[in-house]
Every structure is written in structure tokens, then in C-alpha cells.
2 protein chains.
Amino acid sequence: MLGRLNHVALAVPDLAAATAAYRDTLGARVSAPQALPEHGVTVVFVDVGNTKIELLEPLGEDSPIAAFLEKNPSGGMHHVCYEVDDILAARDHLKASGARVLGDADPKIGAHGKPVLFLHPKDFFGTLVELEQA
Amino acid sequence: MLGRLNHVALAVPDLAAATAAYRDTLGARVSAPQALPEHGVTVVFVDVGNTKIELLEPLGEDSPIAAFLEKNPSGGMHHVCYEVDDILAARDHLKASGARVLGDADPKIGAHGKPVLFLHPKDFFGTLVELEQA
């Protein structure tokens, strides 16, 4: 079921400073910032060849990463996203296995325009897992 | 400078349970556990095609992930590892950029038998970054 790693999301309090660190200090290829108001984040994509790192800064009042940054003011690793071929089949298998899907368990359209689900970190040893239909 | 994502390391308190969750609940391909006493961890590799996820459980008295699991008893995302072509050139560039290399800044032989360095998470917005010479 589990496909390739689509991205690793890192929450950062200052996207411009984080982008500079990845570009200048680590020598990575970074995108221009993209505001995604419907997802409550501004994102910079770091292209590392085999996958991407997403630097996320809160945008707007109800950012889904605001609580994380309150707990981790310097930033930190927020979630990992894996691709699946069929997100409804994946969801049904996960629920049958006892894993908790966040929200109402209906896939939402994620930041890449594709259906996504998030799984409860308590079922995956403290790691927030996103699944995206590839 | 920054090459491909070699792995994402997840610290877990119970490697057998975490392996079962990745294999059975997420449907991922997992390796047999490998004890690495010189690195203070037992590791299971989760092959996701384009990179790998490493599930790490503490091994022995001085495990480098023991303090992390004391702070995060359920487990969590521990570090990301990127490949570089020349770890000494990478280190010198990083130091010249003001980034802090952990320890004495001499590369050590990592869990894959290759030279590695770790960078201070405060310089990378709360994310512990490992560099491995590919």
C-alpha cells in the first residue's frame, strides 16, 4: 500500500530565514514561496532530487501548524507524506486495522491539489503521517 | 551541495510494535531488525522506493536517542539525513557559513559505514540534520 515518500514537512517560524539557510548554508535548490491561504501555510519547496522538503510557515488565523509552533517555537519536523495509489482503499484498510484517520476520514484536497488524509500520530509512534493519492 | 534525502529517522520506544504498524497497518516493506551496538540503536529499514525510513530503538546504556525518547516517550521524528559528495568540503562550507557541526566536527563512520556529520538543530529551525558522504 505505502508508496514513495512524497515530502517531509518542516514547520518554521521564519520562512525567509529558513529558505536562506537551506539555499545558502546547505546549498539546496529552493522554490519561491507560495502562499496557500486555503491550507493556512506559505510553503517553500526544497528539491533534493529523490523527494522534496517542504518548509511551512503559518498563514492566516487558523493555520494547522500554529499549535505546533507554539509548542516548538524554533520550528521542527512536522509530518511525513507518503503516496498511495487509492486513498479510499488505503483509508478503509487503515480503519479496519484500527488506525485513526483525523477529521471525518473523508479525503480532502491537499496542498498539491490531490486527495489527502492525515493519520493520528499516536498510532504511528509520535509521527504525523499524511497519505496523498499519487 | 545538498544531495538526495538518504533517510528519515524515527525514534520509537518499541521497535517490534512499530515494525508491525509499518508492515501491517501501512503495508510497507520492512527489513529484519539490525542491532548496531556501536551506534546505540537497533534499526529497521522501511523501504518506500525513493528513500528509506529508519525506525530506531535505543540499544545499550548510552544510546544517542535515549534523551529524545525521555522527552518524547511515544517516539517521534528524530532527524533527516542528506547525502553529500564530499563531507569535508561540506563541513568547511557549513562552518564558514556559521552553522555548528556537532561534536568535534570530524566526520565519524555512521550506521551505513560511511562518514557522517550532524548539524545543530538550532541552526536549522529545530530539525536535526545528518550529512552522509554518498
Side-chain angles (χ1 to χ4, degrees), chain A residues 1-15 17-18 20-30 46-53 55 57 68-69 72-80 82-84 90 93-94 96-99 119 121-129 131, chain B residues 1-15 17-18 20-30 46-53 55 57 68-69 72-80 82-84 90 93-94 96-99 119 121-129 131:
Chain A
M1 183 176 96
L2 203 67
R4 65 197 290 284
L5 180 72
N6 184 276
H7 64 267
V8 179
L10 309 180
V12 300
D14 180 340
L15 188 58
Y22 277 79
R23 182 188 60 219
D24 303 333
T25 308
L26 288 174
R29 278 192 299 172
V30 301
V46 181
D47 176 4
V48 295
N50 57 330
T51 187
K52 56 186 179 294
I53 309 301
L55 305 176
E57 182 186 65
F68 179 89
L69 283 169
N72 306 276
S74 304
M77 300 174 74
H78 188 264
H79 68 266
V80 289
Y82 303 104
E83 297 177 0
V84 295
H93 170 76
L94 285 157
S97 303
L119 309 181
K122 288 210 172 156
D123 293 330
F124 296 98
F125 303 89
T127 294
L128 177 60
V129 174
L131 298 179
Chain B
M1 183 175 97
L2 203 68
R4 65 197 290 283
L5 180 72
N6 184 276
H7 64 268
V8 179
L10 309 179
V12 300
D14 180 340
L15 188 58
Y22 277 78
R23 182 188 58 219
D24 302 335
T25 308
L26 288 173
R29 278 191 299 172
V30 301
V46 181
D47 177 5
V48 295
N50 57 332
T51 188
K52 57 187 180 295
I53 309 301
L55 306 175
E57 182 185 66
F68 179 90
L69 283 168
N72 305 277
S74 305
M77 299 174 74
H78 188 264
H79 69 266
V80 289
Y82 302 104
E83 298 177 0
V84 294
H93 172 76
L94 286 156
S97 303
L119 309 181
K122 289 209 171 154
D123 294 329
F124 296 99
F125 303 88
T127 294
L128 177 60
V129 174
L131 299 179

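All figures in this text were calculated on a predicted structure; none of them were measured in a lab. Residue numbering restarts at 1 for every chain, and letters A, B, ... go by the order of the sequence lines.
The two atoms that bring A/T25 and B/F124 nearest to each other are CG2-CZ, 3.9 Å, heavy atoms only. For the pair A/R4 and B/N50, the tightest heavy-atom approach, listed with the atom from each and the gap, is CB-OD1, 3.2 Å.
Chosen from B/L128, B/D14, B/L10, the residue pairing most often with chain A at heavy-atom distances under 4.5 Å is B/L10. Comparing A/G27, A/A11, A/G49 by how many heavy-atom pairs each has under 4.5 Å with chain B, the most go to A/G27. Among B/K122, B/H93, B/R29, the residue with the largest count of heavy-atom pairs under 4.5 Å with chain A is B/H93. Among B/V48, B/V80, B/L94, B/D24, the residue making the largest number of heavy-atom pairs under 4.5 Å with chain A is B/V48. In terms of heavy-atom pairs under 4.5 angstrom with chain A, the leader among B/A99, B/G3, B/A18, B/A28 is B/A18. Of the listed residues (B/L55, B/D47, B/I53, B/V46), the greatest number of heavy-atom pairs within a distance under 4.5 Å of chain A belongs to B/I53.
The shortest distance between side-chain heavy atoms of A/T127 and B/V12 does not fall below 4.5 Å. Taking 4.5 Å as the limit, some side-chain heavy atom of A/L119 sits within range of a side-chain heavy atom of B/L26. Within the 4.5 Å cutoff, side-chain heavy atoms of B/V8 are placed close to those of A/M77. A 4.5 Å side-chain heavy-atom check between B/P13 and A/F125 finds at least one atom pair inside the cut-off.
For chain A, the nearby parts of B/A17 are the backbone and the side chain; heavy atoms of each come within less than 4.5 Å.
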